[in-house]
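Below you'll find the structure, written out as structure tokens, and then a few comments.
None of these values were measured; they are calculated from a predicted model.
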Amino acid sequence: MTKVAIITARGGSKRIPKKNIKEFCGKPIMAYSIEAALQSDLFDEVMVSTDDEEIAEVAKKYGANIPFMRSATTADDYATTADVLNEVLKEYEKLGRKFDWMCCIYPTAPLVTAQTLQQAWAYLEDKQADALTPVVRFSYPPQRCFILENGYLRYKWPEYIRSRSQDLEPFYHDAGQFYFYRVEEFQEGNVNKLIPYVLDDMQVQDIDNMDDWKMAEIKFKLRHQRTK
């Protein structure tokens with residue numbers, strides 16, 4: 001059973017310039033994703049898909065492979081992650097390599113660890129599913145959300161106003177870190193057995209702006225203090 005880790009790191013970040021290789025707690029942020037993949041010992045290949053030569057050099061420095069560069073088509077603002085992954089798989093096929101499983105890892109996911117990847121893979125194998133997505137529970141019940149209507153607030157679902165938080169169904173959202181897919185089902189667009197891997201808030205931080213970046217650094221430092 002062969003597995004590839006694909007770290008998707010295009011250039012051209014606008015909100016945080018050079019986001020994928022910006023220093024995060026002493027290393028380029030992308031280095032943490034590469035090291036987690038390598039240290040997990042799960043993968044036959046750990047590669048970075050990028051269109052940027054500077055990112056490619058950083059990736060190589062930390063042990064990732066760059067067997068080919070990303071095309072202009074999948075490096076623009078409209079390409080989806082699925083577009084990138086399909087291109088990578090097709091390029092590997094041209095090189096005579098096919099994989100049974102892939103793990104897409106985002107380059108700005110410094111809270112991902114080798115242990116998390118190992119545990120997620122073990123859970124996926126145990127459940128015999130086609131794919132796995134890490135999720136985190138919403139910290140506040142979405143059932144009690146407000147919407148704006150003609151400048152005024154109103155409850156989206158007034159039937160839940162008096163419900164206790166513990167009685168409401170938990171909602172989850174994508175942790176935005178990594179995804180495991182069975183390659184054949186992914187390429188056929190036939191991923192039916194998708195299972196969750198639940199993370200807690202301290203393991204997750206979306207990074208879209210510098211406030212998010214600072215919060216991720218705080219969580220990263222707190223986690224490492226606890227492990228000392």
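Residues Ile6 and Leu85 are in side-chain contact: their nearest non-hydrogen atoms beyond the backbone lie under 4.5 Å apart. Under the 4.5 Å side-chain criterion, counting only non-hydrogen atoms from C-beta, Thr133 is not in contact with Pro196. Between Ile7 and Met47 the shortest side-chain heavy-atom distance does not fall below 4.5 Å. Proximity of Ile29 to Ile207: side-chain heavy atoms (C-beta onward) are separated by under 4.5 Å at one or more points.
A ring-ring contact (aromatic ring centres under 6.0 Å, His included) check over residues 188-219, counting only residues at least two apart or in different chains, returns the pairs Phe24-Trp213. Counting only residues at least two apart or in different chains, salt bridge (Lys or Arg N to Asp or Glu O under 4.0 Å) contacts with residues 156-166 comprise Arg164-Asp167. Annotation: ring-ring contact (aromatic ring centres under 6.0 Å, His included) contacts involving residues 128-154, sequence neighbours excluded, comprise Phe138-His173, Phe146-Tyr155. Identified under the ring-ring contact (aromatic ring centres under 6.0 Å, His included) test for residues 98-132, with sequence neighbours left out: Tyr92-Phe99, Trp101-Trp121, Tyr106-Tyr179, Trp121-Phe180. The salt bridge (Lys or Arg N to Asp or Glu O under 4.0 Å) contacts involving residues 112-132 comprise Asp130-Arg182, where partners must be two or more places apart or lie in separate chains.
No side-chain donor from either of Asp44 and Thr2 sits under 3.5 Å from a side-chain acceptor of the other. Side-chain N/O atoms of Ser49 and Arg70 include a donor and acceptor closer than 3.5 Å. Residues Asn86 and Gln187 bring no donor and acceptor atom of their side chains to less than 3.5 Å of each other. No donor-acceptor contact under 3.5 angstrom links the side chains of Gln118 and Gln39, judged on distance only.
Put simply, Phe178 and Val88 are part of two different groups of oily side chains (I, L, V, M, F, W, Y) that touch within less than 4.5 Å, one to the next. Leu199 and Leu222 fall into different hydrophobic clusters, defined by Ile, Leu, Val, Met, Phe, Trp and Tyr side-chain heavy atoms under 4.5 Å apart, directly or through other members.
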Derivation and outcome, salt bridge (Lys or Arg N to Asp or Glu O under 4.0 Å), residues Lys214 and Glu217:
CA-CA 5 Å; Lys214 292 173 185 176; Glu217 288 184 320; over 6 Å; no

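Screening Gln203, Gln205, His224 for a side chain to side chain donor-acceptor pair (under 3.5 Å) with Lys219, the sole residue that qualifies is Gln205.
With sequence neighbours left out, Asp201 forms a side chain to side chain contact (heavy atoms under 4.5 Å, CB included) with Val136, Ser139.
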